[in-house]
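What follows is a short report on a single structure.
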Amino acid sequence: MLHFELVTPEKLVRSEEVYMVVVPGTEGDFGVLEGHAPFMSTVRDGSVQVHRTQNGTPDTIAIRGGFAEVNATGLTILAEQAGE
């Protein structure tokens, strides 16, 4: 499982183990699974899709701007704003 955190300047919005996350990067959407290579990207306004299981319906979270970082511990999105 992939460790996923979504953080805004005000609070930690999500911190959980998930199957996959699809992020609206400024160069296009990208998916992150467990074991993804280290990666950084700026994030455009859009929706993050959080897949808790491989075949499940994703949760969608609207975000505005920010950065995404994939490293050995998982995926962290630092968003300017986020709403459930």
Side-chain angles (χ1 to χ4, degrees):
M1 297 295 281
L2 171 72
H3 183 72
F4 166 61
E5 290 191 347
L6 175 59
V7 182
T8 67
E10 293 81 30
K11 65 179 179 177
L12 174 63
V13 178
R14 290 264 183 116
S15 179
E16 60 188 322
E17 303 297 315
V18 300
Y19 173 71
M20 179 176 75
V21 180
V22 179
V23 182
T26 52
E27 300 294 321
D29 292 0
F30 61 91
V32 179
L33 294 161
E34 180 181 22
H36 195 288
F39 180 77
M40 283 195 78
S41 175
T42 52
V43 175
R44 72 179 193 283
D45 297 354
S47 295
V48 174
Q49 296 176 25
V50 181
H51 297 260
R52 290 195 167 133
T53 62
Q54 185 171 359
N55 298 316
T57 302
D59 292 341
T60 302
I61 306 167
I63 63 169
R64 291 185 47 112
F67 296 90
E69 179 185 12
V70 181
N71 59 33
T73 60
L75 167 66
T76 302
I77 299 175
L78 306 169
E80 293 171 14
Q81 294 180 336
E84 292 287 329

Can you tell me how far apart CD (Gln81) and CG (Asp45) are? Round to the nearest 0.5 Å. 8.5 Å
Within a 6.0 Å radius of atom CZ on Phe30, are there more than 12 heavy atoms belonging to other residues, nucleotides or ligands? yes
Does a side-chain heavy-atom distance below 4.5 Å link Pro38 with Val70? no
Shortest non-hydrogen separation from Gly28 to Arg44 and the atoms involved: C-NH1, 4.0 Å
Please check if any side-chain donor atom of Thr26 sits under 3.5 Å from a side-chain acceptor atom of Thr42, or the reverse. yes
Which heavy-atom pair separates His3 from Ser15 by the least distance, and what is that distance? CE1-OG, 3.5 Å
Specify the closest pair of heavy atoms between Asp29 and Pro24, including all atoms of both residues, with the distance to one decimal. OD1-CA, 3.4 Å
Given the rule that I, L, V, M, F, W and Y join up when any side-chain heavy atoms are under 4.5 Å apart, are Val7 and Val48 in one cluster? no
Between Phe39 and Ile77, is there a shared hydrophobic cluster once you connect ILVMFWY residues whose side-chain heavy atoms come closer than 4.5 Å? yes
Of all the heavy-atom pairs spanning Ala79 and Pro9, show the shortest one and how long it is. O-CD, 3.3 Å
Please give me the minimum heavy-atom distance between Tyr19 and Met1, naming the atom from each residue. N-CE, 3.7 Å
Out of curiosity, Asn71 CG to His36 NE2, how far, rounded to the nearest 0.5 Å? 12.0 Å
CE-CZ distance between Met20 and Arg52, expressed to the nearest 0.5 angstrom: 14.0 Å
Does any part of the side chain of Ile63, heavy atoms only, come nearer than 4.5 Å to the side chain of Ser47, both counted from C-beta? no
Exactly one candidate in Val50, Leu6, Leu2 meets side chain to side chain contact (heavy atoms under 4.5 Å, CB included) with Glu16; the answer is Val50
Taking C-beta and beyond as the side chain, do Leu75 and Val18 meet within less than 4.5 Å on heavy atoms? no
Shared hydrophobic cluster, Val23 / Met40 (ILVMFWY, side-chain heavy atoms < 4.5 Å): no
Looking at every heavy atom in both Ile61 and Gly83, which two are closest together, and how far apart are they? CG2-O, 2.9 Å
Could you check whether any side-chain N or O of Arg14 sits under 3.5 Å from a backbone N or O of Glu5, counting only pairs where one atom can act as donor and the other as acceptor? no
In Å and rounded to the nearest 0.5 Å, what is the NE2 to CZ distance from His51 to Phe4? 11.0 Å
